[in-house]
Amino acid sequence: DTWHEPVRPEQIVGQRPGARPGILDFDEVVVSVDATFGTETDDASDVGVLTFGTRGATACLADAYAEKASLEATIAEAKRQIGLWRATQCLVELKANGRSVIVALERALADGEIRDAAGRPVICEVIPVEPQGGKLARAHGVQHMVSAGLVLLREGAPWLEKFIAQAAAFPNATLDD
């Protein structure tokens, strides 16, 4: 009985030779939420909700959402990813709508509202995060992992093309989240 959507090694872009066959089981699953101000119709930055599964030193981007979104849509997406992947932690940036997202997620988790595919309530710690440094400094902080092939992406994921295009254009893209 797996507790997350199965991620097969052949679905992973950059899978290292000799990797364990079968389902890629994660040691830990973390959802990260960057909840910007704005709505679907204004010039605000995209909301970012990402799910990373880790196994040893390797991180797999399992799910990604980057859209202009209302507070309600942001909370709904965070709940979806927490439940789908049975996240153990949810990091929420304390900027913009972050505090409202934290309150809503903590309430939903306490009420047993967020459930996995089998209908079981998910136990997830919601952690407020105050980012240090700018986006460029934070990107440099993980560059060594990407260069070493320790960050994998799900091949065929519906968000993959957009994610790669946005990452490749960073930090000079219009959307640099």
Side-chain angles (χ1 to χ4, degrees), residues 4-5 7 11-14 26 28-54 58-109 114 122 124-146 150-177:
H4 58 77
E5 288 282 309
V7 178
Q11 290 180 290
I12 305 300
V13 175
F26 298 130
E28 185 171 23
V29 178
V30 178
V31 173
S32 176
V33 180
D34 177 358
T36 187
F37 280 117
T39 67
E40 297 93 333
T41 58
D42 66 17
D43 292 332
S45 296
D46 283 356
V47 163
V49 183
L50 305 175
T51 297
F52 285 92
T54 62
T58 302
C60 175
L61 180 57
D63 211 336
Y65 174 89
E67 301 290 337
K68 294 191 184 337
S70 65
L71 175 61
E72 295 77 17
T74 302
I75 292 166
E77 180 59 24
K79 288 178 181 179
R80 183 192 73 78
Q81 289 191 34
I82 290 168
L84 178 65
W85 296 95
R86 281 196 71 76
T88 52
Q89 294 181 332
C90 181
L91 310 176
V92 182
E93 195 172 304
L94 277 174
K95 307 243 184 225
N97 287 325
R99 292 194 189 279
S100 298
V101 171
I102 290 167
V103 169
L105 292 177
E106 286 177 337
R107 184 177 303 127
L109 287 159
I114 302 176
V122 175
C124 179
E125 179 183 13
V126 180
I127 302 171
V129 176
E130 188 67 55
Q132 302 298 309
K135 292 177 185 181
L136 194 56
R138 294 194 308 266
H140 282 295
V142 296
Q143 182 179 4
H144 69 284
M145 292 178 63
V146 174
L150 296 175
V151 178
L152 309 176
L153 305 173
R154 261 194 347 168
E155 187 174 54
W159 45 262
L160 185 61
E161 265 186 53
K162 181 178 179 180
F163 178 83
I164 290 173
Q166 193 171 350
F170 182 84
N172 300 316
T174 304
L175 298 174
D176 63 357
D177 296 314

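Given the structure is predicted, the values throughout are model-derived calculations rather than measurements.
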**Study point:** Note, Asp63 side chain near Leu50 side chain (heavy atom, < 4.5 Å)
**Key:**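 The answer is no; the side chains never approach within 4.5 Å.
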Review point. So, do Val31 and Val49 sit near enough that their side-chain heavy atoms are less than 4.5 Å apart?
Key: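 Yes, close enough: below the 4.5 Å cut-off.
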Review point. Crowded around Glu130 CD? As in, over 12 foreign heavy atoms under 6.0 Å?
Key: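 Enclosed: over 12 neighbouring heavy atoms sit under 6.0 Å from CD of Glu130.
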Working to the nearest 0.5 angstrom, can you tell me the gap between [X] [atom1] and [Y] [atom2]?
X      : Y      : atom1 : atom2 : value
Phe52  : Phe26  : CZ    : CZ    : 10.5 Å
Glu93  : Ile127 : CD    : CD1   : 14.5 Å
Asp34  : Asp46  : CG    : CG    : 9.5 Å
Ile102 : Ile75  : CD1   : CD1   : 11.0 Å

Check your understanding: In this structure, which one of Val92, Val47, Val33, Leu71 forms a side-chain contact (heavy atoms from CB on, under 4.5 Å) with Asn97?
Key ->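 With Asn97 as partner, Val92, Val47, Val33, Leu71 yield a single side-chain contact (heavy atoms from CB on, under 4.5 Å), made by Leu71.
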Point to revise | Set of salt bridge (charged side-chain N to carboxylate O under 4.0 Å, His left out) partners for Glu77, sequence neighbours left out | key: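 Result, salt bridge (charged side-chain N to carboxylate O under 4.0 Å, His left out) vs Glu77: Arg80.
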Practice item. Can you sort out the partners of Glu67 under salt bridge (charged side-chain N to carboxylate O under 4.0 Å, His left out), two or more places apart, ordered by chain and number? Key: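 Glu67 satisfies salt bridge (charged side-chain N to carboxylate O under 4.0 Å, His left out) with Lys162 only.
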**Study point:** Backbone of Cys124 reached by a side-chain donor or acceptor of Thr88 within 3.5 Å
**Key:**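 No, the answer is negative, given that no donor and acceptor are paired below the 3.5 Å cut-off.
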Review point. What residues, two or more places apart in sequence or in another chain, satisfy side-chain hydrogen bond (donor to acceptor under 3.5 Å, both in side chains) together with Thr51?
Key: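 Counting only residues at least two positions away or on another chain, Thr51 forms a side-chain hydrogen bond (donor to acceptor under 3.5 Å, both in side chains) with Gln81.
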